[in-house]
Amino acid sequence: MNSTRQTVIAGNWKMHKLRREAQEFCRHLLANLEEKPAASVILYPSFPLLADVATALDDPRVSVGGQDIHPAASGAHTGDVSGPQLIDAGCSWVLCGHSERRADHCESDELVARKAEAALQHGLTPMICVGETAAQREAGQTFEVLDRQLAAVFSQDFGEFALAYEPVWAIGSGLSATPELAQEVHAFLRQRLSDLVGPEQATWVPILYGGSVKPENAAGLIVQPDIDGFLIGGASLDPDKFLAIIRQAAPAA
Ligand code: 13P
């Protein structure tokens with residue numbers, strides 16, 4: 001981890017938790033989080049939980065984000081949620097292009113780009129997710145796929161964002177990428193971002209790793225020079241596991 005960059009530890013709750021469970025999680029998190037955590041902490045609850053979680057986490061140590069955004073500000077789009085609605089619910093971040101949305105809802109690279117643009121337009125920071133499938137990795141297409149996913153979204157003068165590398169084969173599988181493999185990809189992503197958004201922004205942008213991150217493997221990943229934090233699914237549902245990962249995020253002295 002490069003100590004000049006912001007470290008970000010984010011929990012993606014996906015389609016988990018009911019309101020009471022979310023409230024209990026927030027109470028436990030705030031009661032046990034350091035006064036000045038070494039990382040920025042973000043939670044991405046599902047839409048029905050957002051306002052409750054944002055109210056419960058009215059605390060500068062933790063931010064809240066939506067798991068998706070529609071490109072339009074309002075309109076006839078049943079089941080979708082807009083940027084102004086996310087802001088109104090207390091969000092400052094939003095996930096764009098998570099692989100589960102790309103797969104379950106056929107989201108194209110172009111749609112992900114429009115969602116990221118909408119996020120910036122409405123004052124949300126997009127966390128853009130990229131990653132290859134097992135078949136793409138086995139076919140030697142990893143860098144080509146990532147390059148295509150980045151090129152669709154980023155250009156010069158892009159606003160503030162974070163990038164999350166989530167290899168699809170590592171999500172929910174228990175098979176995290178090794179620190180060496182993840183570092184190789186993160187270094188590639190930063191280099192490509194440098195071409196697309198410019199070297200200065202690419203130096204500062206946090207690039208998070210996601211895919212079976214747990215307290216047991218976080219330390220080996222976070223010391224890699226281009227890994228600036230984590231986007232955590234399963235382990236973020238348990239506040240003690242989430243806290244244990246946050247505590248490993250202290251920048252190297
Ligand atoms: P897991 O941590 O459960 O593998 O999920 C990762 C993820 O998809 C976070 O967005």
Side-chain angles (χ1 to χ4, degrees), residues 7-17 21-22 25 29 39-47 49-50 53 62-69 81 86 91-105 107 112 115-116 119 124-134 136-137 142 145-146 149 153 161-179 181-182 185-186 189 206-222 224 227-249:
T7 305
V8 180
I9 305 292
N12 175 8
W13 283 357
K14 308 190 179 183
M15 201 170 67
H16 293 288
K17 291 199 188 293
E21 296 165 331
F25 180 107
L29 178 68
S40 298
V41 178
I42 308 168
L43 278 181
Y44 293 103
S46 54
F47 294 139
L49 304 175
L50 274 177
V53 169
V62 189
S63 306
V64 177
Q67 294 178 10
D68 185 43
I69 179 173
V81 169
L86 292 174
C91 294
S92 48
W93 288 81
V94 65
L95 293 178
C96 297
H98 191 282
S99 61
E100 287 151 14
R101 291 210 58 87
R102 291 180 191 255
D104 296 354
H105 300 272
E107 289 196 5
V112 174
K115 290 182 174 206
L124 293 156
T125 307
M127 182 175 284
I128 293 134
C129 305
V130 296
E132 80 285 3
T133 63
Q136 289 164 336
R137 176 159 282 274
T142 297
V145 167
L146 295 172
Q149 291 174 338
V153 174
F161 67 99
L163 187 69
Y165 170 56
E166 298 206 304
V168 179
W169 47 269
I171 294 177
S173 65
L175 289 174
S176 169
T178 62
L181 185 152
V185 174
H186 281 228
L189 293 171
I207 305 183
L208 281 59
Y209 168 78
S212 297
V213 174
K214 351 174 223 273
E216 296 77 26
N217 60 19
L221 289 158
I222 201 71
Q224 299 299 316
I227 297 183
D228 307 312
F230 301 121
L231 180 56
I232 309 159
S236 76
L237 298 173
D238 176 332
D240 288 317
K241 288 186 184 168
F242 192 51
L243 282 158
I245 298 171
I246 294 168
R247 289 194 192 104
Q248 296 184 41

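Indexing begins at 1, ligand by ligand and atom by atom, following the structure's order. One is the number of the first residue; the rest follow in order along the sequence.
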Looking at [X] and [Y], what are the two nearest heavy atoms and their distance?
{"X": "Asp228", "Y": "Ile222", "answer": "C-CD1, 4.3 Å"}
{"X": "Val168", "Y": "Ser99", "answer": "CG2-CB, 3.7 Å"}
{"X": "Ile232", "Y": "Val213", "answer": "CG2-O, 3.8 Å"}

Is the closest heavy atom of Lys14 to ligand 1 under 4.0 Å?
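Contact check Lys14 vs ligand 1: positive.
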
Judged by non-hydrogen atoms, does Gly211 sit under 4.0 Å from ligand 1?
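It does; at least one heavy atom falls under 4.0 Å.
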
Plane angle bin for Phe25 and Phe242 - parallel if under 30°, tilted between 30 and 60°, otherwise perpendicular:
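Because their plane-to-plane angle lies in the 30° to 60° range, the rings of Phe242 and Phe25 count as tilted.
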
Please verify the inter-ring angle class for Tyr209 with His186; under 30° counts as parallel, over 60° as perpendicular, anything in between as tilted.
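Tilted, since the angle between the ring planes falls between 30° and 60°.
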
Tell me which protein heavy atom sits closest to [atom], plus the residue, atom name and distance to 0.1 Å.
{"atom": "atom 9 (C) of ligand 1", "result": "Glu166 OE2, 2.9 Å"}
{"atom": "atom 2 (O) of ligand 1", "result": "Gly233 N, 2.9 Å"}
{"atom": "atom 3 (O) of ligand 1", "result": "Gly234 N, 2.8 Å"}

With a heavy-atom distance limit of 4.0 Å, tell me whether Asn12 approaches ligand 1 through its side chain, its backbone, both, or neither.
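Answer for Asn12: side chain.
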
Region of Ser173 that comes within reach of ligand 1 [heavy atoms, distance under 4.0 Å]:
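Neither; nothing of Ser173 gets under 4.0 Å from ligand 1.
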
Looking only at distances, please establish whether an N/O atom of ligand 1 is found under 3.5 Å from an N/O atom of Ala235.
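There is no such contact.
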
At a 4.0 Å threshold, what atoms of ligand 1 neighbour a non-hydrogen atom of His98?
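Near His98, the atoms of ligand 1 are 7 (C), 8 (O), 9 (C), 10 (O).
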
